[in-house]
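Quick notes on the structure that follows.
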2 protein chains.
Amino acid sequence: MLETIISQGLKATGRRMTRTRKAVLSLLERTHEPLSASEIFAQLQEDQVTIDLVTVYRTVNVLKDLGLVAQLDLHHEGQSRYELKEGRKHHHHIRCQVCGKIVDLLLCPLKKLTKLIEERTKFVVGDHILEFTGFCPQCQ
Amino acid sequence: MLETIISQGLKATGRRMTRTRKAVLSLLERTHEPLSASEIFAQLQEDQVTIDLVTVYRTVNVLKDLGLVAQLDLHHEGQSRYELKEGRKHHHHIRCQVCGKIVDLLLCPLKKLTKLIEERTKFVVGDHILEFTGFCPQCQ
DNA sequence: ACCATTATTGCAAGTCTCTTGCAAGTAATA
DNA sequence: TATTACTTGCAAGAGACTTGCAATAATGGT
Ligand SMILES: [Mn+2]
Ligand SMILES: [Mn+2]
Ligand SMILES: [Zn+2]
Ligand SMILES: [Zn+2]
């Protein structure tokens, strides 16, 4: 169970499992789009969970430190989004530029390209971001 | 000449070529890395050009509207960067996570993938962003 | 070259996302 | 249950970017 896995990660780094961390985790677990801090905050308010926006930021940063959450900076959004990594593999996203809907692209075409780039640039390639925008079926 | 091309674009949209716009353009023209607004501001100060940071923001937005400048949102940078599109083709970037150096990748591997994504997601794909991070030759 | 028109600029203030300081609250361990 | 130290909420701050407005300057016609 996710909460158990994460409790271990927290404990291993001298941190504690708390009411608010459980609430953020459970929301991320049942949501299938990456959420921004303010969206997490708003949804938890709706769920009658007492939490401060500052705590949301601190919580997603802890989860990111533990490697349990990915932080996405989508083009021109001006805010980060967060999604659970646990149990999902590396992937990318496409976002509708009309309604904002975000869909997982369960692929990554960049393994070979990375090698080519390292040869050409003499960089050691670490990470990459890849994101598509367009019009979703409803907004065409 | 670039300034002539751009004067036409400005005029066609009821805008004017000004001292500050010339200064920003000439800086972007002679710079080979994408610049942030504050970098443009700082460099112009150094060049003895009197300009306000607000005007830099307004200028890059005008140039973006005219399709003459690309706005890049690099991962976790927290600020946008701008580069001239005029005379350069679509490409992507790699950034050194130590020193911040940004290098052009004169390639784009995403033509075929776009078609696949449209089939799978039923989105109409518009644009994409692709960026690599890593360690440049000096910082390894 | 001058004037009238209207876009542009600089300054101040505002917005938005995200971070930090600190006292009060609470989880973990014995 | 008592101790310890991590976590929280509130207030304040930082940084990127935007907006309101009066002063300034580019443009086009004379
Ligand atoms: Mn995803
Ligand atoms: Mn470039
Ligand atoms: Zn990938
Ligand atoms: Zn591309």
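Values below: every heavy atom of this structure, side chains too, minus hydrogens, waters and symmetry copies. Order of the sequence lines fixes the chain letters, A, B, ..., with proteins taken first and strands second; residue numbering starts at 1 for each chain. These numbers were taken from a predicted model, which means no experiment stands behind them.
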Checklist entry - Which nucleotide in the list D/dT27, D/dT19, D/dT8 gets nearest to the side chain of A/R21? => result D/dT8
Checklist entry - Picking from C/dC18, D/dT18, C/dT19, which would you name as closest to the side chain of B/Y57? => result D/dT18
Checklist entry - With hydrophobic residues grouped by side-chain heavy-atom distances under 4.5 Å, do A/F132 and B/L130 end up in a single group? => result yes
Round to a whole Å and report the spacing from [atom1] of [X] to [atom2] of [N].
X	N	atom1	atom2	value
A/R15	D/dC6	CZ	P	11 Å
B/Q79	D/dT18	CD	P	13 Å
A/E39	C/dC16	CD	P	15 Å
A/M17	C/dA27	CE	C1'	12 Å
A/D73	C/dT17	CG	C1'	12 Å

Within the 4.0 Å heavy-atom criterion, would you say [X] contacts the bases, only the backbone, or no part of the nucleic acid?
X	answer
B/N61	sugar-phosphate
A/L53	nothing
A/R58	base
A/S36	nothing

Next on the checklist: Apply side-chain hydrogen bond (donor to acceptor under 3.5 Å, both in side chains) to residues A/T18 and A/R16 and explain how you reach the verdict.
Outcome noted: CA-CA 6 Å; A/T18 63; A/R16 297 170 184 180; over 6 Å; no
Checklist entry - Can you find an N or O donor on one side and an acceptor on the other, under 3.5 Å apart, linking the side chain of B/R19 with the base of D/dA26? => result no
Checklist entry - Would you say B/S80 reaches D/dC17's phosphate, i.e. side-chain N/O to OP1/OP2 under 4.0 Å? => result yes
Next on the checklist: D/dA16, OP1 or OP2 - any side-chain N/O from B/S38 closer than 4.0 Å?
Outcome noted: no
Next on the checklist: Return whichever of B/R16 or A/G14 has its heavy-atom-nearest nucleotide of DNA chain D closer to the 5' end.
Outcome noted: A/G14
